[in-house]
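In what follows, chains carry the letters A, B, and so on, assigned in the order in which the sequence lines appear, proteins first and then strands, with residues in each chain numbered from 1.
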Amino acid sequence: MPELPEVETVRRGLAPTLVGARFARVETRRGGLRAPFPPRFAERLTGRRIEALTRRAKYLLAALDGGETLVLHLGMSGSFRIEGAGAASAPPTHFPRGKSPAHDHVVFVLDNGARVVYNDPRRFGAMDLVPTEGIDRRPPFDALGVEPLSDDFDAKRLATLSAGSRAPIKAALLDQKRIAGLGNIYACEALWRARLSPLRPAAILADAKGRPTAAARALAPAIRAVLEQAVEAGGSTLRDHRQPDGELGYFQHSFAVYDREGAACPRRGCGGIIARVAQGGRSSFYCPACQK
DNA sequence: CCGACCGCCTGCCTGC
DNA sequence: TGCAGGCAGGCGGTCG
């Protein structure tokens, strides 16, 4: 599920339960996810206090006392749910599609009585434990681009990191080394808002001197707006665990173009039909009538 | 250096 | 109804 807004929603949902608490016990139910868990993972977490929970791109960072940070990534299908103290209700008896207890891979038992359970059917997620000191200078964080919701991101920055690129603009938006946190959905949605075709070369965002073009001045605010609105809505597909069933789960949202192939373009007076094209093995959705 | 492609996993939907 | 095939919100490695 998780692009930047979903990860931010998860962060906000988990923070009240996690921050200030200690890990009383950590259960790993397999040796790892996409990669093996680090050595002595559970033992190194046990007894540690979570001092802060932050987000960088699509990563969650739980800074612990003792100098290490728990790095979490949800991959394609990861989610957390909170059970016990701090949860809105009893453990769920109903799991959304695919989210069976068989895919509960890690359980964090906290000293405040809560259990934070990580579920991930496809196991594309990741967990690591790394020194907090200098974390930004080590992989994968050293390679991440600008945070699109930060003050550092604007049309000028977008132009700078696109100048001279021969990649399609859609591919450039998905490149985490340029902009960190955009995924397929919000890249499609931002391009629609900016009326730009995903097929155009990224280089059109900068002029010959690397200055932002009108396209960049449309796209940068569109990226920011779609992400801000999605965060505001609690993520497009995840609802936070303040929901009555106590679960971080699905909240279907309506998109302008994403997954709407064949539907009418929602832009007033456009009348176009949403198309789908494959780019780099990913689907891009756009309106050929109004996105040029 | 860049960009295209593949593999990692499982579940769900489609079409035959 | 059954089943093969395609597809999915991410990432990192390889190859040209």
Side-chain angles (χ1 to χ4, degrees), chain A residues 1-10 29-37 55-60 71-80 95-105 118-128 138-145 148 161-191 198-203 223 226-227 230-231 233-239 248-262 276-285:
Chain A
M1 339 275 94
E3 300 184 28
L4 185 156
E6 288 72 37
V7 177
E8 177 62 20
T9 297
V10 170
R29 301 190 173 166
R30 52 181 307 114
L33 298 165
R34 208 171 82 82
F37 295 126
R55 180 191 57 75
R56 173 76 170 103
K58 301 170 194 170
Y59 293 87
L60 289 172
V71 179
L72 304 166
H73 196 290
L74 302 173
M76 299 270 273
S77 62
S79 65
F80 286 99
F95 286 79
R97 51 168 213 141
K99 300 270 172 191
S100 96
H103 302 304
D104 288 348
H105 303 309
Y118 180 71
N119 183 287
D120 189 355
R122 291 176 68 184
R123 304 207 301 271
F124 282 3
M127 294 191 189
D128 201 0
R138 290 192 306 273
F141 304 104
D142 59 339
L144 290 175
L161 52 83
S162 308
S165 173
R166 280 163 300 150
I169 193 165
K170 168 73 181 319
L173 293 183
L174 290 181
D175 181 356
Q176 303 296 299
K177 293 189 287 298
R178 304 186 206 210
I179 304 171
L182 273 185
N184 204 28
I185 292 176
Y186 296 107
C188 290
E189 294 296 310
L191 287 168
L199 304 170
R200 300 288 299 285
I223 291 169
V226 73
L227 293 176
V231 169
S236 288
T237 54
L238 296 173
R239 70 186 169 215
L248 287 167
Y250 286 51
F251 174 80
Q252 278 305 337
H253 187 78
S254 59
F255 302 116
V257 289
Y258 183 80
D259 203 22
R260 298 192 67 243
E261 182 183 17
R276 165 154 88 172
V277 294
Q279 290 184 281
R282 314 289 299 277
S283 287
S284 294
F285 298 89

Which heavy atom in [X] sits nearest to a heavy atom in [Y], and how many Å separate them?
X        : Y        : value
A/Val257 : A/Cys188 : CG2-O, 3.7 Å
A/Val7   : A/Pro2   : CG2-CB, 3.7 Å
A/Ser165 : A/Arg178 : OG-NH1, 3.3 Å

Could you give the [atom1]-to-[atom2] distance, from [X] to [N], as a whole number of Å?
X        : N      : atom1 : atom2 : result
A/Asp175 : B/dG3  : CG    : C1'   : 10 Å
A/Leu174 : B/dA4  : CG    : P     : 12 Å
A/Asp259 : B/dC12 : CG    : C1'   : 13 Å
A/Leu60  : C/dC11 : CG    : P     : 12 Å
A/Gln279 : C/dG10 : CD    : P     : 14 Å
A/Leu72  : C/dC11 : CG    : P     : 14 Å
A/Arg178 : B/dC2  : CZ    : P     : 8 Å
A/Phe124 : B/dG7  : CZ    : P     : 12 Å

Determine whether the aromatic ring centres of residues A/Phe141 and A/Tyr59 are separated by less than 6.0 angstrom.
yes

Backbone of [Y] reached by a side-chain donor or acceptor of [X] within 3.5 Å:
X        : Y        : value
A/Gln176 : A/Gly145 : no
A/Arg55  : A/Ala57  : yes
A/Glu189 : A/Ala256 : yes
A/Glu3   : A/Ile185 : yes

Between C/dT1 and B/dG11 - P atom distance, rounded Å:
22 Å

Tell me whether the side-chain N/O atoms of [X] come closer than 4.0 Å to OP1 or OP2 in [N].
X        : N      : value
A/Arg166 : B/dG3  : no
A/His73  : C/dG10 : no
A/His103 : B/dC9  : no

Look at atom CZ of A/Arg166 and say whether more than 12 heavy atoms of other residues, nucleotides or ligands are closer to it than 6.0 Å.
no

Report the residues that fulfil side-chain hydrogen bond (donor to acceptor under 3.5 Å, both in side chains) with [X], sequence neighbours left out, ordered by chain and then residue number.
X        : result
A/Tyr118 : A/Asp120
A/Ser284 : A/Lys170, A/Gln279
A/Arg56  : A/Glu147

Represent DNA chain B in dot-bracket notation, 5' to 3'. Only Watson-Crick or G-U wobble pairs with both distances under 3.5 Å count; pseudoknot-style crossings use [ ] and interstrand partners use |.
.|||||||.|||||||

Pairs: protein N or O with nucleotides 12-16 of chain C N or O, under 3.5 Å:
from: C/dG12; atom 1: O4'; to: A/Arg34; atom 2: NH2; distance (Å): 3.4

Polar-atom pairs under 3.5 Å, protein N or O versus N or O of nucleotides 5-8 of chain C: list them with distances, or write none.
from: C/dA8; atom 1: OP1; to: A/Ser283; atom 2: OG; distance (Å): 2.4
from: C/dA8; atom 1: N3; to: A/Arg122; atom 2: NH1; distance (Å): 3.1

Heavy-atom nearest nucleotide on DNA chain B for A/Lys177 versus A/Gly280: which residue maps closer to 5'?
A/Lys177

